[in-house]
Structure formats: C-alpha cells, structure tokens
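Remember, it's 1-based here, ligands and their atoms both numbered in the order they're listed.
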Amino acid sequence: MLFPTQLPDAEIHHLPGWLPPAEADALRLALLTAVPWDVHRIRMFGRWVDSPRLSCWIGDPEAKYRYSGADFVPQPWPPSLLPLRERLHQACAAPFNSVLINRYRDGSDSMGWHSDDEPELGDRPLIASLSLGASRRFLLRRRDDHSRRTEIMLGHGDLLLMGGDTQRFYQHALPKTARPTGERINLTFRQIHAPAARSHPAGR
Ligand SMILES: O=C(O)CCC(=O)C(=O)O
C-alpha cells in the first residue's frame, strides 16, 4: 500500500503479511530467547529515563549507533536473523548492517515521536521495519505541521519501508493503547555509514 497523496515528500510502502504466518511465528519464538533483551536508558528533556519497552541493538561490529543521547555497541547477529537480513537485502536491493529490535510487552509499552535522522544513517535512509505478534497503530505526522498525520495498523509479518525524504519531513510513533494487547516485536533494519557525529536531541 502506498501513501503518496496523504504524505507528500514521503516514500512509504506497507506490505501486509510480507513474511508468511508460519515463518513469522517461528521467527517471533526464536527471537524471544535468542535476543539479549535490555531496557535502554535514553535522555528525555534533560533526564535519563528507562525507555518504555525492551530493546536490543544488533549489527556488524562497526555499526555503532547513537540515538536519544545514548551510545549503542552492537550485539552479534543471532543465527535466526541472518536469513531475514539476506532476504531484505534482496527485496530492497540495499544492504543492512544493523537492526534495532523493540519488544512491546503489552499496550503500555510504546515509542515516542521521533525521526530516524541520526547522521550515521545518511541523508535519505531506507528503513525496513518488520512487525511480529500483536497488531499496533503506527502513527506518522509532518514535522512542520503536526496536524497532518496518518496511521497504519501494523500486523504480524507486515513489512513497512520508509525511504527517500520520509525521515526529513516526518516523525513516527507507536502510541500506548488501553485495549488489551498482546506482545509485539518490531525490527527496524538500517545501514550505519559512519561513527556518530552528534547526539539526537529528542528522547523516545
Ligand atoms: O515499533 C515500531 O513499529 C516503531 C519502531 C521505531 O519507531 C524505530 O525503531 O525507530
């Protein structure tokens, strides 16, 4: 699904069920045990706080990443992720040397508004985001006019590609929900080009 008219200047593709259900089930189960889950500490409004979710930064040794005021050294790739990385490389005709994995235990775990615009991602990064488990609302809004927004429901096995100037003109977020909601895992594959040169101002 494309959103060229609702979101001018963005390049967003939503591919529901990109990973077939049996493969998505197996990957979700493998990741629950293979990933060294952590609570990332992030800088928000001048204070260090726990991020409201579990996370892990995984990548090639050079893929060091700085976001929300903190530095992340990559954990090694678990074998269960390597076929997926290769498949995304082929599907997107783009390399990915890292992945940020977030685990939302229930509806009270979330991700605040931000753009993936850290310098080490380059000017027009391609982010490949795979969702597993419970469906959640993914929100997008223009950075210069927060009233211009849309939302996409991301379900089990869905792939969302964000490329071009999406990060330059838009922010995204995964809001909390009061509805009873199961666990969800999200993987955002990225290509890190160079060591961090500056910190990201906003927390997530
Ligand atoms: O969980 C999601 O779908 C959003 C993840 C996200 O915004 C990010 O990793 O930057």
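- Using cut-offs of 30° and 60° for the angle between ring planes, the Phe96 and Phe189 rings count as perpendicular.
- Ligand 1 places these atoms under 4.0 Å from at least one heavy atom of Leu100: 9 (O).
- Using a cutoff of 4.0 Å between basic side-chain nitrogens and carboxylate oxygens, Arg142 and Asp9 are scored as salt-bridged.
- Applying the 4.0 Å criterion to heavy atoms of Arg190 picks out, from ligand 1, the atoms 8 (C), 9 (O), 10 (O).
- Near Asp116, meaning under 4.0 Å from one of its heavy atoms, ligand 1 places the atoms 10 (O).
- Checking Met111, Arg184, Met162 against atom 3 (O) of ligand 1, the nearest heavy atom belongs to Arg184.
- Neither the backbone nor the side chain of Arg53 comes within 4.0 Å of ligand 1, counting heavy atoms alone.
- For ligand 1, the atoms lying closer than 4.0 Å to a non-hydrogen atom of His172 are 6 (C), 7 (O), 10 (O).
- Within the 4.0 Å heavy-atom criterion, neither part of Ile127 lies near ligand 1.
- Of all the atoms in ligand 1, the ones that sit under 4.0 Å from a non-hydrogen atom of Tyr104 are 1 (O), 2 (C), 4 (C), 5 (C).
- Taking a cut-off of under 4.0 Å to the non-hydrogen atoms of Asn102, the atoms of ligand 1 that pass are 9 (O).
- The hydrophobic clustering, which links ILVMFWY residues whose side-chain heavy atoms are closer than 4.5 Å, places Ile185 and Val39 together.
- At least one donor-acceptor pair under 3.5 Å links the side chain of Asp158 to the backbone N or O of Gly17.
- Under 4.0 angstrom from ligand 1, the non-hydrogen atoms of His114 all belong to its side chain.
- Partner of Glu183 under the salt bridge (charged side-chain N to carboxylate O under 4.0 Å, His left out) criterion, out of Arg103, Arg105, Arg136: Arg103 alone.
- Distances between N or O atoms of Thr188 and those of ligand 1 include at least one value under 3.5 Å.
- If you look at Tyr67 and His114, their ring centroids are not closer than 6.0 Å.
- Listed by chain and number, the residues in a ring pair (Phe, Tyr, Trp, His ring centres under 6.0 Å) with Trp18 amount to none (sequence neighbours excluded).
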Would you check, one step at a time, whether the test side chain to side chain donor-acceptor pair (under 3.5 Å) holds for Arg141 with Gln171?
-> CA-CA 5 Å; Arg141 72 181 182 192; Gln171 295 178 319; 2.8 Å; yes
